[in-house]
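Here is the structure we will look at, set down as structure tokens.
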Number of protein chains: 2
Amino acid sequence: MTGIRVMLVDDQELLRASLRTVLSADERIEVTHDVGNGIDAIEVVRRHRLDVVLMDIRMPRMDGVAATAEIARIAPATRVLMLTTFDDDELVVAAIRAGASGYLTKDVRPAALAQAVCDVASGTSALAPGVAATILDFVRQVPARRTTALEGLTRREVEIFGLLARGKSNSEICAELVLSENTVKSHVRAVLQKLNLRDRVHVVIYAYENGLVGRNDLPD
Amino acid sequence: MTGIRVMLVDDQELLRASLRTVLSADERIEVTHDVGNGIDAIEVVRRHRLDVVLMDIRMPRMDGVAATAEIARIAPATRVLMLTTFDDDELVVAAIRAGASGYLTKDVRPAALAQAVCDVASGTSALAPGVAATILDFVRQVPARRTTALEGLTRREVEIFGLLARGKSNSEICAELVLSENTVKSHVRAVLQKLNLRDRVHVVIYAYENGLVGRNDLPD
DNA sequence: TCCCGTCTCACCCCTTAGGGTGATGTCGGC
DNA sequence: GCCGACATCACCCTAAGGGGTGAGACGGGA
């Protein structure tokens with residue numbers, strides 16, 4: 001019988017080499033491939049049968065989350081184990097949603113890493129302690145979850161919100177949307193009420209804090 | 001004769017192990033210590049003679065830059081080689097200023113890493129190609145450098161700016177700083193003029209676009 | 001010593017913004 | 001066809017913000 005077939009995906013060649021050394025030392029594991037980005041990883045998954053993909057989250061040319069989603073789609077039997085430097089709250093959740101079977105931080109001990117690979121290969125999952133806590137927190141917060149943070153606003157109000165977030169005055173908005181100032185004020189009032197914000201200044205803060213303005217949605 | 005005495009400083013135990021493996025494979029190098037944070041690193045430097053410290057930038061309990069500065073102070077003969085995941089522009093400069101002899105990204109190839117260690121031990125410096133470019137850019141930009149993007153503001157004005165950025169109204173500011181509203185308005189006016197911003201809404205945008213508010217400098 | 005920058009405050013002005021209320025017209029669904 | 005949700009606009013009022021000017025106090029540097 002052959003060991004668990006593992007592919008390493010990480011843009012750091014040095015780390016890949018070290019992972020290979022660590023994992024190969026475990027007789028249950030066989031590192032069959034290692035690649036430096038998500039695109040190549042998908043290509044390998046398409047052509048070969050793999051048991052576990054050990055994947056870094058942040059990579060050039062298709063990040064780990066996107067690659068995981070694609071792998072889950074084309075090879076559901078292949079387990080993906082995310083490996084990252086920090087337990088980035090956002091990414092943890094995104095990775096799990098994308099179909100990752102586990103999530104480890106890179107400060108994992110070599111023995112624990114090998115064990116985690118075996119765990120996910122056998123169908124269970126593996127979460128680093130810190131990450132597990134993050135997941136639980138998330139689950140608890142779900143009711144308070146804001147899908148868009150703009151829930152409840154009408155189309156027009158969302159539009160107004162966007163302009164407010166970019167620092168537009170009422171008169172600028174009414175010029176841009178070809179509306180009377182009174183109308184603009186009505187919409188602005190609705191936005192403030194629905195989002196429970198005091199004034200347009202807080203709209204801007206709200207927008208940035210919720211990632212609703214891309215950097216460089218500059219005022220002008 | 002003994003090899004170049006090297007200490008590894010990185011909070012990722014896995015990476016330390018791998019670095020040790022890679023470097024030990026080079027006969028010129030002898031890895032004598034490895035620790036997980038800056039505090040411990042300084043302790044080791046104080047007690048032992050080292051040639052090179054291979055240090056991660058981001059670490060819990062005293063980051064790499066601070067540790068480097070301290071090492072440069074107490075053991076000027078010991079060379080520090082920074083090792084990081086990304087060539088964070090800010091950190092590159094800070095690290096070099098702190099006294100680092102070189103700066104590598106973790107995607108360095110094993111052979112190049114060993115060579116870099118030997119290079120800095122012999123007194124030259126080692127910069128990863130991408131980092132070198134960053135340094136050169138920096139040197140070229142120095143005159144145009146924005147230390148804080150708040151250049152020209154007085155202490156008080158910077159303080160006011162911070163409160164504006166967090167969405168405080170004039171009355172809140174005057175309560176918080178125990179000033180008359182007239183005074184606050186004077187300062188606000190000065191801030192707007194000096195930064196060439198139209199109103200407090202734009203102050204918030206300016207603050208976020210320039211990274212002057214940490215996420216979670218939440219309004220309240 | 002005098003001067004300059006800073007911080008403080010006051011008064012006046014006008015514009016902008018926020019809030020309340022109510023009235024159209026349109027569209028889609030029951 | 002009726003009703004509700006939206007979008008549009010009007011008029012009113014008050015508060016908050018932005019702009020101009022000037023002035024007293026204080027501290028550090030030329």
Exercise for the section: Please report, rounded to the nearest Å, how far the P atom of dG22(C) is from the NZ atom of K185(A). Expected result: 18 Å
Exercise for the section: Calculate the interatomic distance between D199(B) atom CG and dC14(C) atom C1'; express it in whole Å. Expected result: 16 Å
Exercise for the section: Go through the side-chain N and O atoms of S186(B) and T183(B) and say whether any donor and acceptor fall under 3.5 Å apart. Expected result: no
Handout entry: Under-4.0 Å side-chain N/O to phosphate OP1/OP2 contact, S186(B) with dC7(C)
Key = no
Completion exercise
Against the side chain of S169(A), the closest entry in dA17(C), dG17(D), dA10(D) is dA17(C)
Practice task
Check D10(A), L81(A), I71(A), T84(A) against M55(A) for a side-chain contact (heavy atoms from CB on, under 4.5 Å) and give me the one that passes.
Solution key: I71(A)
Handout entry: More than 12 heavy atoms of other groups within 6.0 Å of R109(B) CZ
Key = no
Exercise for the section: Would you mind telling me which of dA7(D), dA10(C), dT8(C) lies closest to the side-chain atoms of R156(A)? Expected result: dA7(D)
Exercise for the section: Remember a base hit wins even if backbone is also touched, and classify Q193(B) as base, sugar-phosphate or nothing at under 4.0 Å, heavy atoms. Expected result: sugar-phosphate
Exercise for the section: Rounded off to whole Å, could you give me the CD-to-P distance for the E172(A) and dT16(C) pair? Expected result: 10 Å
Identify the pairs formed between an N or O of the protein and an N or O of nucleotides 27-30 of chain C at a distance under 3.5 Å, and give each distance.
none

Handout entry: Spatial distance of atom CG (L195(B)) from atom CG (N210(B)) [nearest 0.5 Å]
Key = 9.0 Å
Problem - Gap between atom OG of S180(B) and atom NZ of K185(B) - 0.5 Å precision - result: 10.0 Å
Practice task
Check the angle between the aromatic planes of H48(B) and H33(B) and answer parallel, tilted or perpendicular using the 30° and 60° thresholds.
Solution key: tilted
Practice task
Could you tell me whether R155(A) and E159(A) make a salt bridge, using a distance below 4.0 angstrom between a side-chain N and a carboxylate O?
Solution key: no
Practice task
Return no unless some side-chain N or O of N182(A) is found under 4.0 Å from OP1 or OP2 of dA10(D).
Solution key: yes
Handout entry: Between NE2 on residue H187(A) and CG on residue N182(A), distance to nearest 0.5 Å
Key = 11.0 Å
Problem - Candidate nucleotides dC9(C), dG18(D), dG18(C), ranked by approach to the side chain of R200(B) - the nearest - result: dG18(D)
Handout entry: Closest to the L192(B) side chain, choosing from dC9(D), dC9(C), dG18(D)
Key = dG18(D)
Exercise for the section: Name the nucleic acid region contacted by T183(A), choosing base, sugar-phosphate or nothing; use a 4.0 angstrom heavy-atom cut-off, strictly under. Expected result: base
Handout entry: Atom pair CG/CG of L164(B) and N170(B) - distance to nearest 0.5 Å
Key = 7.5 Å
Problem - Spacing between E157(B) atom CD and dG5(C) atom P, to the nearest angstrom - result: 13 Å
Practice task
Using heavy atoms to find the nearest nucleotide of DNA chain C for L164(A) and E181(B) separately, return the residue whose nucleotide is more 5′.
Solution key: E181(B)
Handout entry: Nearest-angstrom distance from the residue atom CZ of R198(B) to P of dT16(C)
Key = 10 Å
Exercise for the section: Would you mind reading off the distance between L153(B) atom CG and dT6(C) atom C1', rounded to a whole angstrom? Expected result: 13 Å
Exercise for the section: Return no unless some side-chain N or O of H187(A) is found under 4.0 Å from OP1 or OP2 of dT8(D). Expected result: yes
Practice task
Measure from the side chain of R189(A), starting at C-beta and using heavy atoms only, and say which of dA7(D), dC7(C), dT21(C) lies closest.
Solution key: dT21(C)
Problem - Length of the CG-P vector between L179(B) and dT6(C), whole Å - result: 17 Å
Completion exercise
Rounding to the nearest 10°, end axes of the helix from dT1(C)-dA30(D) to dC30(C)-dG1(D) built from five pairs each make an angle of 30°
Exercise for the section: Evaluate the ring planes of Y208(B) and Y208(A), with Trp represented by its six-membered ring, and classify them as parallel (under 30°), tilted (30 to 60°) or perpendicular (over 60°). Expected result: parallel
Completion exercise
Taking dC9(D), dA7(D), dG17(D) as options, the one with an atom nearest any side-chain atom of R155(A) is dA7(D)
Handout entry: D11(B)/R16(B) ion pair, N-O < 4.0 Å
Key = no
Practice task
Ignoring backbone atoms, test whether N170(A) places a side-chain nitrogen or oxygen under 4.0 Å from the OP1 or OP2 oxygen of dT16(C).
Solution key: no
Exercise for the section: Would you please confirm or rule out a distance under 4.0 Å between OP1 or OP2 of dA7(D) and any side-chain N or O of T154(A)? Expected result: yes
Problem - Value in whole Å for how far the P atom of dG19(D) lies from NZ of K194(B) - result: 15 Å
